[in-house]
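Working notes, structure below.
The figures that follow rest on heavy atoms only: side chains count, while hydrogens, waters and symmetry mates do not. Just so we're clear, the structure is a prediction, and the values are computed from it rather than from any experiment.
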Amino acid sequence: MLDEVGKDIDAVTVSIPDHNHGVAAIRALKMGKHTFCQKPLVQTVNEARIVRKLAIEKKLATQMGNQGSAPPACGGRWKWSRPG
């Protein structure tokens, strides 16, 4: 999916099974995308170091959180972000 829309977006939200979070976040950062990732951000210390290094080198924002605790207004954002 990132290959298809990568040139049209500035950021990604990583909301997939936990064991893939680090890999997906690293891929997004390598593509120059700001990244919000569900917790846990990574599975290993090495993945954490890679995420940190890429964010610093590419001057990208990263954030880890829990979608369940995001403000209620966040839940409907997809409605206005997708035309039609």
NE2/His34 to NZ/Lys58 distance, rounded to the nearest 0.5 angstrom? 11.5 Å

Shared ILVMFWY cluster between Val42 and Met64, side chains joined below 4.5 angstrom? yes

Do Ile9 and Lys33 touch side chain to side chain, with heavy atoms closer than 4.5 Å? yes

Do Ile16 and Val14 have side chains that approach each other closer than 4.5 Å (heavy atoms only, starting at C-beta)? yes

Would you mind reporting whether His21 and Leu41 have side-chain heavy atoms less than 4.5 Å apart? no

Met31, Ile50: one ILVMFWY side-chain cluster at the under-4.5 Å cut-off? no

To the nearest 0.5 Å, what is the distance between CZ on Arg49 and OG1 on Thr44? 9.0 Å

Leu54 with Leu60, same ILVMFWY side-chain cluster at under 4.5 Å: yes

Asp18 vs Gln43 side-chain heavy atoms within contact, under 4.5 Å: yes

Flag the pair Ile26 / Lys30 as yes when at least one side-chain heavy-atom distance between them is below 4.5 Å, and no otherwise. yes

